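Read through the structure below, which is laid out as structure tokens, and then see the notes.
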Amino acid sequence: MTDPCALLDEPPPAARDTDRPAPFRLRCERCGEETEVPDDPAESSYRCDCGAATVYGVEMPRVANVPHPEDRRFVVAKISHSKLEVDLALEREYAAGLALDLLSVTNPLAYDLVRAVTAVLAKRAVEEKR
Ligand SMILES: [Zn+2]
């Protein structure tokens, strides 16, 4: 029988190239470029040269909100994701409601601040009409 304490006295095996962790590879869903990255894409955020963001291994859509070119009552949310591109015309108050809804989930403190400021401005507007 081998003395288990004898194993502790043996020097560790020399580090070999195969002992290094394998590099991570990330393939951009938008442009198809594949690159070597330092950290696990499932635990990190990366931005490709084409501008696409991958967060926790999931491609984030590109979103740009711009005024409607013909009707100022609307804004246009331009959303592109992989090969999909869509323009959504949103009435401004509806768009603001969506933005507040996102803020209430992602940053409740900022949401409360916006709601408080909005309430003060609405009260001031009512008082100015008198
Ligand atoms: Zn890309």
Side-chain angles (χ1 to χ4, degrees):
M1 183 168 170
T2 307
D3 179 8
C5 292
L7 295 174
L8 298 175
D9 296 333
E10 292 179 15
R16 299 168 298 197
D17 286 345
T18 55
D19 291 338
R20 286 185 298 175
F24 294 98
R25 307 239 9 124
L26 175 64
R27 183 180 180 281
C28 177
E29 294 296 322
R30 183 172 297 153
C31 72
E33 183 176 310
E34 189 169 322
T35 54
E36 198 170 285
V37 293
D39 299 310
D40 184 356
E43 302 294 330
S44 306
S45 299
Y46 291 103
R47 184 170 298 277
C48 180
D49 291 340
C50 76
T54 302
V55 181
Y56 303 128
V58 177
E59 179 194 358
M60 295 290 102
R62 187 180 300 178
V63 180
N65 299 304
V66 297
H68 191 283
E70 297 162 11
D71 190 336
R72 302 295 285 183
R73 296 174 298 175
F74 294 85
V75 296
V76 179
K78 296 176 160 293
I79 302 170
S80 62
H81 187 260
S82 295
K83 306 297 180 210
L84 173 72
E85 290 193 20
V86 65
D87 289 357
L88 299 173
L90 305 170
E91 186 272 330
R92 286 178 178 264
E93 192 169 327
Y94 183 86
L98 288 176
L100 284 172
D101 192 47
L102 278 171
L103 195 59
S104 73
V105 174
T106 58
N107 192 333
L109 183 62
Y111 171 78
D112 290 343
L113 182 63
V114 169
R115 296 286 294 178
V117 169
T118 303
V120 168
L121 293 175
K123 183 177 177 185
R124 187 178 298 166
V126 167
E127 291 170 357
E128 288 175 0
K129 283 184 180 179
R130 289 182 189 166

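Read the numbers this way: they start at 1 and go in the same order the structure lists the ligands and their atoms. Keep in mind that what you see is a predicted model, and the values were worked out from it rather than measured.
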*asked:* Which Ile, Leu, Val, Met, Phe, Trp or Tyr residues join V114 in one cluster when any pair of side-chain heavy atoms under 4.5 Å counts as a link?
replied: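 Same cluster as V114: L100, L103, Y111.
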
_Through direct or indirect side-chain contacts below 4.5 angstrom among Ile, Leu, Val, Met, Phe, Trp and Tyr, which residues connect to Y56?_
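For the cluster that includes Y56, the remaining residues are V55, V58, M60.
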
*Among all residues two or more places apart in sequence or in another chain, which pass the salt bridge (Lys or Arg N to Asp or Glu O under 4.0 Å) test with D39?*
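Salt bridge (Lys or Arg N to Asp or Glu O under 4.0 Å) list for D39, sorted by chain: empty.
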
_Whether over 12 other heavy atoms sit under 6.0 Å from R115 CZ_ =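 Open: at most 12 neighbouring heavy atoms sit under 6.0 Å from CZ of R115.
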
*Say whether, by atom type as modelled, one donor and one acceptor occur between the side chain of E59 and the main chain of S82 under 3.5 angstrom.*
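Yes, the answer is positive, given that a donor and an acceptor are paired below the 3.5 Å cut-off.
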
_Can you tell me how far apart CD (E34) and SG (C48) are? Round to the nearest 0.5 Å._
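Here the rounded value is 11.5 Å.
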
*Sub-2.8 Å protein N, O or S atoms surrounding the Zn ion (ligand 1)*: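 For the Zn ion (ligand 1), the protein N, O and S atoms that sit under 2.8 Å away are C28 SG, C31 SG, C48 SG, C50 SG.
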
